[in-house]
Amino acid sequence: MYLEENFKDNIVHWFNNNQRSMPWRETTNPYYIWLSEVMLQQTQVKTVIDYYDRFTHRFPTIADLSEANEDEVLKYWEGLGYYSRARNFHHAVKEVQRDYNGIVPSDPENFKSLKGVGPYTQAAVMSIAFDHPLPTVDGNVFRVWSRLNNDSSDIKLQSTRKTFEQQLLPYVQEEAGTFNQSMMELGALICTPKNPLCMFCPVQENCEAFDKGTVLDLPVKTKNLKKKTIEQSVFLIRNNKGQYLLEKRQERLLNGMWEFPMFEASNAISEISHKLKHDIEPLPEHIFKLKHQFTHLTWNIKVYSVPETIDINEKVLPDNMVWFDLSNRDDYSFPVSMDKIYRFIEG
DNA sequence: TAGGCGTGGCA
DNA sequence: TTGCCAAGCCT
């Protein structure tokens, strides 16, 4: 038996002496704790801190955020990625303002029903803010728990999550929030994917994988397929005031973010001409190109300059298009790919 | 249920 | 350069 009585004491004691300083650990406000958990999804602590500080400064209360418009919320998320998090969080906070009188529900079922709240966020906020006995199972805990138990279950499977949650229940009956954060902090600082610092691990004596020499083989996770590459064409189209045409994306990917008109290269010219009801003839060669990597796909972008200027008065733009003055960068949320193009033009 | 969904850091 | 990973959730 590896997980003896001293396991929880060991890891919590280590956490109390070694945890990193984070702004959301200095508050008991459930709204702030919730926000931090959403920002931290698939995102490193170091990246989140500045975004968290700016966001809480601009939207200090549930009421403040619920009154904001979505474009401004996205602006405060710009560069953080996974923008549906921002839209879902905004939606959920408005729901709290309307249905719960602006108070984050402390009932786990009610909280879980809010948009963007999954099993992890439910457990994290409920345990940290309200001491509910729910275990957080995130990437860190999958790794730590797999190694402690020398368990080679595929962590991609839903059934593995459920098993881990059941196995962790005894440890969250008291001080759940502290235990949960201890497990995650251990995974982030000691029990890392590569080069784990087992010699400094406070629960080395509780770790079956360390004993058996299988630490680097765990956790087991089936691999994803190879990612696709899409050839994209971007058009820089100006009017007679020197402003550039922008389009607000209405697709799943980067929904609500602004871009210079972009189309798949194979039919780009006809697409943009049709959209503007105007024949577009860009310079035959692209003025520059860039490669943008997502987790699941790659964009090879060629940027074309359209020499002709379009008379602003002769054209009624579709709702999701605007003329963009380079000096008004702060009014628009760009994904990183478009910010690269903006900086090329502006610089 | 498996794949879509951003970005930055690291070996 | 390439692939993997980071306090996951949605459809």
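Labels below follow one simple rule: chain letters A, B, ... track the order of the sequence lines, proteins then strands, and each chain is numbered from 1. Only this structure's heavy atoms are used, side chains among them; waters, hydrogens and symmetry mates stay out.
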Next on the checklist: If you assign A:R252 and A:T47 each to the DNA chain B nucleotide with the nearest heavy atom, which residue ends up on the more 5' nucleotide?
Outcome noted: A:R252

Checklist outcome for this item: DNA chain B nearest-nucleotide lookup for A:K46 and A:L254: closer to the 5′ end is A:L254

Length of the [atom1]-[atom2] vector between [X] and [N], whole Å:
X	N	atom1	atom2	value
A:I49	C:dA6	CD1	P	18 Å
A:R161	C:dG8	CZ	P	9 Å
A:K156	C:dG8	NZ	C1'	10 Å
A:L253	B:dG3	CG	C1'	13 Å
A:F89	C:dC10	CZ	P	14 Å
A:N88	B:dG4	CG	C1'	14 Å
A:R249	B:dG4	CZ	C1'	13 Å
A:K227	C:dT2	NZ	C1'	8 Å

Checklist entry - Less than 4.0 Å between a side-chain N and a carboxylate O, is that true for A:D211 and A:R147? => result no

Item to check | Presence of salt bridge, A:E78 and A:R329, under 4.0 angstrom | outcome: yes

For [X], answer base if it contacts any base atom (sugar-phosphate contacts may also be present), sugar-phosphate if it contacts only those atoms, and nothing otherwise; contact means non-hydrogen atoms under 4.0 Å.
X	answer
A:G118	sugar-phosphate
A:T136	nothing
A:L80	base
A:M183	nothing
A:R87	nothing
A:G187	nothing
A:W34	nothing
A:Q158	nothing
A:V48	nothing

Item to check | Intermediate values then yes/no, salt bridge (charged side-chain N to carboxylate O under 4.0 Å, His left out), A:D138 and A:R143 | outcome: CA-CA 9 Å; A:D138 74 327; A:R143 188 170 57 253; over 6 Å; no

Checklist entry - Hey, do the aromatic rings of A:H292 and A:F294 have their centres closer than 6.0 Å? => result yes

Residue [X], side-chain atoms from C-beta onward, closest of [options]:
X	options	value
A:T43	C:dA7, B:dG6, B:dT7	B:dG6
A:L40	B:dC5, C:dC10, C:dA7	C:dA7
A:T121	C:dA7, B:dG6, C:dC9	C:dC9
A:V336	C:dA7, C:dC10, B:dT7	B:dT7
A:T295	C:dC5, C:dG3, C:dG8	C:dC5

Checklist entry - A:E37 and A:Y120: side-chain donor and acceptor closer than 3.5 Å? => result yes

Checklist entry - Have A:T43 and A:R85 got a donor and an acceptor in their side chains that come within less than 3.5 Å? => result yes

Checklist entry - Distance between the C1' atoms of C:dA7 and B:dT1, in whole angstroms? => result 24 Å

Item to check | Inter-nucleotide P distance (C:dT11, B:dG6), Å rounded | outcome: 13 Å

Check whether any side-chain N or O of [X] sits under 4.0 Å from OP1 or OP2 of [N], and answer yes or no.
X	N	value
A:Q41	C:dA7	no
A:Y83	B:dT7	yes
A:H296	B:dC5	yes
A:H292	B:dT7	yes

List, one per line, each side-chain donor-acceptor pair under 3.5 Å for residues 295-302 of chain A, sequence neighbours excluded.
residue	atom	partner	partner atom	Å
A:T298	OG1	A:Q293	OE1	2.9
A:N300	ND2	A:E231	OE2	3.3

Item to check | Residue whose nearest DNA chain C nucleotide is more 5′ - A:K115 or A:Y120 | outcome: A:Y120

Checklist entry - Does A:L114 or A:E37 map to a spot on DNA chain C nearer the 5' end, using the closest nucleotide for each? => result A:E37

